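If you're wondering where the values come from, they're calculated on a predicted model, not measured in any experiment. Just so it is clear: chains get the letters A, B, ... in the order the sequence lines come, proteins before strands, and each one is counted from 1. Only heavy atoms go into these numbers, but all of them, side chains included; no hydrogens, no water, no symmetry mates.
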Amino acid sequence: MELNLSEKSLRLDSEVRVRFAPSPTGHLHIGGVRTALFNWLYARHNKGTFILRIEDTDRTRSTEEYIDAIIEGMKWLGLDWDEGPYRQTDRFGIYKSYADKLLKEGKAYYCYCRPEELEQRRQEALAQGRPPKYDGRCRNMERVQGFKGSRVQKKNAAVRFRMPQEGQTVVDDLIKGRVIFENSHLDDLIIMRSDGTPTYNLVVVVDDVDMNITHVIRGDDHLNNTPKQIHIYNALRYEVPLFAHLPMILGPDKTRLSKRHGATSVTAYIEMGYLPDALVNYLVRLGWSHGDQEVFTRDELIQYFSLENVGKSAAVFNPEKLLWLNSQYIINSPAKRLIELVMPFLSKEKVISEGQTLNNDWLSKAINTLRERSRTLIELTNSLRYYIAEDIEYDEKAKSKFLNEKSRDLLIEFKENLTSITDFSASEIEKVFLSLIEKHSIKLGNLAQPVRVAITGKTESPGIFEVLEIVGKEKTLKRLEKAIQTIGIS
RNA sequence: GUCCCCAUCGUCUAGCACGGCCUAGGACAUCGCCCUUUCAAGGCGGUAACACGGGUUCAAAUCCCGUUGGGGACGCCA
């Protein structure tokens, strides 16, 4: 998409156009997802357009791998985009022409300072307690000092934007309200590097104009950039979009969420067995609310979402609440959906061998017994293991506590009784249990726990009657026999 | 250092724009009880917050100012 400049002035304010513009210098992280989500919801709620744009102008740090991860993450989350993904590296020519235009109009100038010099001056300023602002030594070189860089010198120079130094700039932020900046605090920022590539503050403005973005919804770490960008819009004589700066997501120590706080990439949450809807639901409630409601369907989210209900303060990321939401989603998802979600985990965790298929009705039944006790797909997978696998392994503690001399005879008798029934259903199995405990005047637990360990290897499982039914007669008898043998040996 | 933002239970938040309905509500976590063959799920109940100080007002969590605290930005990163 490349609209030319004149078409741009005919902006249609009625249609909402928003974008998510990640830079592929790392994995798609939780903070980015939240920004993407709010943009997506705003677009969907307003029947607008959601655009994905990859900000890869920093060629040294951007990688194809990260671009793929971002796209995969967005797809997994169900945040579909209507345009893009655009890539800024495809658009360098456009940025160059805008920079030239600014240069020609005297709104930008060549800066011949070396990066090392700049860094040194910055450090000095900081050490002396002065604002580390560019000292402007190249600012009026041509006009005042009559210096004219040669073609070669210019080719190796960076280009700086001439920032107005008087007056104030007002940002009427949709979330933060009116924020006023003194222009004298604004820095002449570099818009073109000395290697000829454009930088963020130029490309973001050019692209947002070029793509007709109406609302810039982004993290509030960009709030300070906004007045600078507004001046670039003005210099280019473009209409300024509306801004909405979202509060940050913090780690438990209240600093900006980062890798050192543990899992922060979408990929990590996919691997840990989270459902996309749960992550989305959790993230949307970080900074946004709709009364007391905690659980939302996508449709409700789209219907209710508005920037007015976005809070102003930063929020601490709480993995426990996310876990709870995930368990809620597992409890409430249709079995069919759960099967779809858990199959990759069954393969990956080697619960099923390559090419092995399972009966879906049977699997549904198995999953239905487990959904209330699985907070993640990993947990579900691990429980499914004793339903599916040929053999089980005993948890050591469970084994020593329940598979011993005390339970041996009971298990033998139980196995015999079980062998005789033909209808291997939970209700028939229950009868076998009940008659045996009655005969020996023991509590159900005295029999159920040893059986549970014999069949599942663990002390916890769904109701033992249904567990046996799902495991099936053949495997049940086999495992009981193995348990009896195990006791015999020890 | 300078600028900007923010401030209700441990955490996410409702309430704040239109001050009284707030003895501050919900959720997660936590504690207790119930249910119970285990583990869950579920039900019921408990502990727990308006950062502080000044105003304005008959009345302030809600409005104003200050303080403190926290966060962010100050790059030839985005």
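- At a threshold of 4.0 angstrom between heavy atoms, the contacts of A:L118 include nucleobase atoms, whether or not backbone atoms are also involved.
- Both distances falling under 3.5 Å, in either a Watson-Crick or a G-U wobble arrangement, occur for no nucleotide opposite B:C35.
- Residue A:K254 places at least one side-chain N or O closer than 4.0 Å to OP1 or OP2 of B:U11.
- Pairing for B:A41 is absent, with no Watson-Crick or G-U wobble pair whose two atom distances lie under 3.5 Å.
- Remark: A:R193 is in phosphate contact with B:A78, judged by side-chain N or O atoms under 4.0 Å from OP1 or OP2.
- Residues A:F305 and A:F38 place their aromatic rings such that the two centres sit under 6.0 Å apart.
- Among the heavy atoms of the strands lying under 4.0 Å from A:E294 is at least one base atom, whether or not backbone atoms are also near.
- Within the 4.0 angstrom heavy-atom criterion, only backbone atoms of the sugar-phosphate kind lie near A:T199; the bases stay farther away.
- Across all strands, A:S313 comes closer than 4.0 Å only to sugar-phosphate atoms, never to a base (heavy-atom distances).
- Among the atoms of the strands shown, base atoms are found under 4.0 Å from some heavy atom of A:S194.
- Base pairing of B:U62: no nucleotide in any strand meets the Watson-Crick or G-U wobble criterion (both distances under 3.5 Å).
- Annotation: of the two residues near RNA chain B, A:W288 and A:V203, the 5′-most nearest-nucleotide partner is A:W288.
- Ion pairing between a basic and an acidic side chain is recognised when a charged N comes within 4.0 Å of a carboxylate O; A:K365 and A:E469 show such pairing.
- Closest approach of A:F50 to A:L79, counting heavy atoms only: CE2-O, 4.3 Å.
- The residue A:T25 sits apart from the nucleic acid: no heavy atom pair falls under 4.0 Å.
- Using a 4.0 Å heavy-atom distance criterion, A:C111 is classed as making no nucleic acid contact.
- If you check every strand for non-hydrogen atoms under 4.0 Å, A:P252 touches nothing.
- In this structure, CZ of A:R178 is placed 20 Å from C1' of B:C6, rounded to the nearest angstrom.
- Across all strands shown, B:U67 is found opposite B:A51 as a Watson-Crick or G-U wobble partner, with both distances under 3.5 Å.
- Residue A:T459 has no polar side-chain atom (N or O) positioned under 4.0 Å from OP1 or OP2 of B:U38.
- Across all strands shown, B:C28 forms a Watson-Crick or G-U wobble pair with B:G10, both key distances being under 3.5 Å.
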| said: Determine whether A:R91 and A:D210 satisfy the following criterion, side chain to side chain contact (heavy atoms under 4.5 Å, CB included), listing intermediate values before the conclusion. | reply: CA-CA 11 Å; A:R91 303 164 50 80; A:D210 207 30; 2.7 Å; yes

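- Residue-to-nucleotide contacts include a donor-acceptor pair under 3.5 Å from the side chain of A:N225 to the base of B:A78.
- Remark: B:U2 base-pairs with B:A73; criterion is Watson-Crick or G-U wobble with both hydrogen-bond distances under 3.5 Å.
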N/O contacts under 3.5 Å, protein versus nucleotides 42-45 of chain B?
unit_1, atom_1, unit_2, atom_2, d
B:G42, OP1, A:Q328, NE2, 3.3

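- At least one side-chain nitrogen or oxygen of A:K312 sits closer than 4.0 Å to the OP1 or OP2 atom of B:C6.
- OP1 or OP2 of B:A78 has at least one side-chain nitrogen or oxygen of A:T57 nearer than 4.0 Å.
- Between A:D56 and A:R87, at least one side-chain N (NZ, or NE/NH1/NH2) sits under 4.0 Å from a carboxylate O, which counts as a salt bridge.
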| Full working for side chain to side chain contact (heavy atoms under 4.5 Å, CB included) between A:L102 and A:L236 | CA-CA 8 Å; A:L102 291 172; A:L236 259 16; 3.4 Å; yes

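- Each of B:G26, B:C5, B:U37 was ranked by its minimum atom distance to the side chain of A:L444; first place goes to B:U37.
- Distances shown here put every side-chain N or O of A:R256 at or beyond 4.0 Å from the OP1 or OP2 atom of B:C5.
- If you check every strand for non-hydrogen atoms under 4.0 Å, A:R122 touches sugar and phosphate atoms only.
- When the C1' atom is used for both B:A61 and B:C50, the distance is 4 Å, rounded to whole Å.
- Rounded to a whole angstrom, the distance from the P atom of B:U23 to that of B:U62 is 14 Å.
- Within 4.0 Å (heavy atoms only), A:I190 reaches at least one base atom of the nucleic acid.
- Nucleic acid contact class of A:L286 (heavy atoms, under 4.0 Å, all strands): sugar-phosphate only.
- The ring of A:H222 has its center closer than 6.0 angstrom to the ring center of A:Y200.
- Contacts of A:G463 with the nucleic acid, taken as non-hydrogen atoms under 4.0 Å apart, include base atoms.
- To the nearest 0.5 Å, the span separating CG on A:L286 from CZ on A:R34 amounts to 6.0 Å.
- Taking atom P in both B:C12 and B:A59, the straight-line distance is 33 Å, to the nearest Å.
- With salt bridges taken as basic N to acidic carboxylate O contacts below 4.0 Å, one links A:D253 and A:R260.
- Across all strands, A:F317 comes closer than 4.0 Å to no nucleic acid atom at all (heavy-atom distances).
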